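Written below as structure tokens is the structure these notes are about.
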Amino acid sequence: MKRYVVLALLAGVVLGTLGTLAVGAWRVDAVEHTWCLRCARHRTSFGDVVDEHGGPVSALLATRNPPHHHVWADTGRGPRRALPLTVDAAREALANLDAIESDARAVAVLDEAFRNSPERAERLVRAVLDPEAHLDRSALTLVARPELSWPDRWRVVDAFLAAYTCTRAAQAVTCTLPVGDVRIVAWHHVPGSVMRGPVPWATWLPQGFAPTASPTPTPSLTPMTPIAPPIPVGPATPVTPAVPASPRDDEASVNAGIAQARRGDLEGAARTWSRLSTHTPRPAGLPRLRAAIERQAGDAIDTMILDGRCAAAQRLVRSLRTAGLHLDGAQHFGSACQQP
């Protein structure tokens, strides 16, 4: 009898453990993390609980996307069940998006690229995030090349997208790229595994590429002939010492800076504050100017974020920081628009 009791207890423990693992696996599989193929907006859902939010990439694409119905990528979670290769590709693209948005340098490069050529920058970002393109996020390095002018960087990107070709089979995708005189395998994908080839992203150039912007030649130095000192004529004219700004002038500058801030010229007001802060003694009205700038800047940043202009809000914070003004970004930025 005792033996049966012991066996029953052991069976209960084993079944309980298996049940717990099964429930845990079901809960993990039931969580769906996906993103919109058109605007890169994130969506995480668990049952009836759905969380949607944008990130830096979504903010950059916002100016290029009219209002639309979201097209969510199929990452293999939830009720849909796509082919394994399709699910893997979607998850790789989602990993690209997450990695880019957590990399401040990558976001800064994209921000500069969108300001230079929104159309071409959008094309490159969409290629990196397209599950059907099978492209590694390191391709963004093609535009992070200060030794090339922006027109030359875009020539490199256009040539890369034209030369990067993929062949697809039922259970494999292979993408190749010419590097020098050979063509290498840059991406090989089979269900459950991705192999990335040794692409020299930071130096890759198409064959025959020549920069159009030639470096500025160094001017030749001409020996200078010594100049004889002037012959003194009459008594020397005394030098009048510089007269420091009066408190009245400083107060007028403070009021002018406050007017700039109220008009929305926050960067101009910040420059005024930076200049006045170097005066000795410091103007008595300087705290009023700073408070006006911070109040107007906070309202402007909130408005930009609500309008989907995350990059503009981040640029304003950087400009104020350069002038010596530091806002409490935690009060304005969050997951929808990260603090710079």
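All figures in this text were calculated on a predicted structure; none of them were measured in a lab.
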Within-4.5 Å side-chain heavy-atom neighbours: [X] and [Y]:
{"X": "Pro200", "Y": "Val179", "value": "yes"}
{"X": "Trp150", "Y": "Val143", "value": "yes"}
{"X": "Arg120", "Y": "Val157", "value": "no"}
{"X": "Trp72", "Y": "Glu52", "value": "yes"}
{"X": "His134", "Y": "Arg168", "value": "yes"}
{"X": "Gln171", "Y": "Val190", "value": "no"}
{"X": "Met195", "Y": "Val185", "value": "yes"}
{"X": "Val128", "Y": "Ile100", "value": "yes"}

Requested in this report: Verify whether the ring centers belonging to Trp201 and Phe160 lie closer than 6.0 Å.
Outcome: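 Yes - the distance between ring centres of Trp201 and Phe160 falls below the 6.0 Å cut-off.
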Query - Pair His70-Cys39, side-chain contact (heavy atoms from CB on, under 4.5 Å): steps then yes or no - result: CA-CA 8 Å; His70 294 301; Cys39 66; 3.5 Å; yes
How long is the straight-line distance from [atom2] of [Y] back to [atom1] of [X], given to the nearest 0.5 Å?
{"X": "Glu294", "Y": "Ile301", "atom1": "CD", "atom2": "CD1", "result": "10.0 Å"}
{"X": "Glu122", "Y": "Ser117", "atom1": "CD", "atom2": "OG", "result": "10.0 Å"}
{"X": "Arg288", "Y": "Ile258", "atom1": "CZ", "atom2": "CD1", "result": "4.0 Å"}
{"X": "Cys166", "Y": "Trp187", "atom1": "SG", "atom2": "CH2", "result": "9.0 Å"}
{"X": "Thr75", "Y": "His33", "atom1": "OG1", "atom2": "NE2", "result": "8.0 Å"}
{"X": "Leu61", "Y": "Leu129", "atom1": "CG", "atom2": "CG", "result": "7.5 Å"}

At their closest point, which heavy atom of [X] faces which heavy atom of [Y], and how far apart are they?
{"X": "Trp154", "Y": "Ala113", "value": "CZ2-O, 3.7 Å"}
{"X": "Leu85", "Y": "Ala172", "value": "CD2-N, 3.7 Å"}
{"X": "Pro146", "Y": "Arg153", "value": "CA-NH2, 3.4 Å"}
{"X": "Arg137", "Y": "Ala95", "value": "NH1-O, 3.9 Å"}
{"X": "Val254", "Y": "Pro283", "value": "CG2-CB, 4.3 Å"}
{"X": "Ala40", "Y": "Ser58", "value": "O-CB, 3.8 Å"}

Query raised in the report: Stepwise, does the side-chain contact (heavy atoms from CB on, under 4.5 Å) test hold for Arg123 with Asp158?
Result: CA-CA 10 Å; Arg123 182 189 178 197; Asp158 292 341; 3.3 Å; yes
Query raised in the report: Counting only N and O atoms by type, is there a donor-acceptor contact under 3.5 Å from the side chain of Gln338 to the main-chain atoms of Gly55?
Result: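 Flag not set: sc Gln338 to bb Gly55 has no pair under 3.5 Å.
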Requested in this report: Return yes if some donor-acceptor pair links the side-chain N/O of Ser274 with the main-chain N/O of Ala270 below 3.5 Å, else return no.
Outcome: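 Checked: no pair found.
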Report task. Let me see the working for Thr167 and Val173 under side-chain contact (heavy atoms from CB on, under 4.5 Å), right down to the final yes or no. Result -> CA-CA 6 Å; Thr167 57; Val173 175; over 6 Å; no
Query raised in the report: Quick check: are there more than 12 heavy atoms from other residues, nucleotides or ligands sitting under 6.0 Å from NE2 of His68?
Result: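 Yes, the 6.0 Å shell around NE2 holds more than 12 heavy atoms from other groups.
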Query raised in the report: Are there more than 12 heavy atoms of other residues, nucleotides or ligands under 6.0 Å from atom CZ of Arg262?
Result: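 No, CZ of Arg262 has 12 or fewer neighbouring heavy atoms, counting only those of other groups under 6.0 Å.
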Query raised in the report: Cationic tip of Arg43 within the cone over Trp35's six-membered ring, i.e. under 6.0 Å and within 45° of the normal?
Result: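 No; the conditions do not both hold, so Arg43 does not lie above the ring face of Trp35.
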Query raised in the report: Distance only, no hydrogens: is a donor on one side chain within 3.5 Å (strictly under) of an acceptor on the other, for Thr44 and Asp51?
Result: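 The answer is no; no qualifying pair exists.
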Query - Pair His189, Glu92: side-chain N/O donor-acceptor within cut-off below 3.5 Å - result: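 Checked: His189/Glu92 side chains show no N/O donor-acceptor pair below 3.5 Å.
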Report task. Using the side chain to side chain contact (heavy atoms under 4.5 Å, CB included) rule, pick out the option among Val125, Val107, Asp98, Asn96 that qualifies with Val57. Result ->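 The passing option is Val125.
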Query raised in the report: Could you go step by step and tell me if Arg41 and Thr34 meet the side chain to side chain donor-acceptor pair (under 3.5 Å) rule?
Result: CA-CA 9 Å; Arg41 187 174 180 82; Thr34 183; over 6 Å; no
Kindly work out whether a path of hydrophobic side-chain contacts (I/L/V/M/F/W/Y, heavy atoms less than 4.5 Å apart) joins [X] to [Y].
{"X": "Val71", "Y": "Val87", "answer": "no"}
{"X": "Leu316", "Y": "Leu110", "answer": "no"}
{"X": "Leu124", "Y": "Leu37", "answer": "yes"}
{"X": "Val317", "Y": "Phe114", "answer": "no"}

**Report entry** Worked verdict on Met304 versus Arg315 for side-chain contact (heavy atoms from CB on, under 4.5 Å)
**Finding:** CA-CA 11 Å; Met304 291 175 184; Arg315 283 197 299 271; over 6 Å; no
Query raised in the report: Any ion pair linking Glu267 and Arg318 (charged N to carboxylate O, less than 4.0 Å)?
Result: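 So Arg318 does not pair with Glu267 through a salt bridge.
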Query raised in the report: After noting the C-alpha distance and the side-chain angles of Asp111 and Gln314, does the key distance pass the side chain to side chain donor-acceptor pair (under 3.5 Å) rule?
Result: CA-CA 10 Å; Asp111 181 47; Gln314 292 170 335; over 6 Å; no
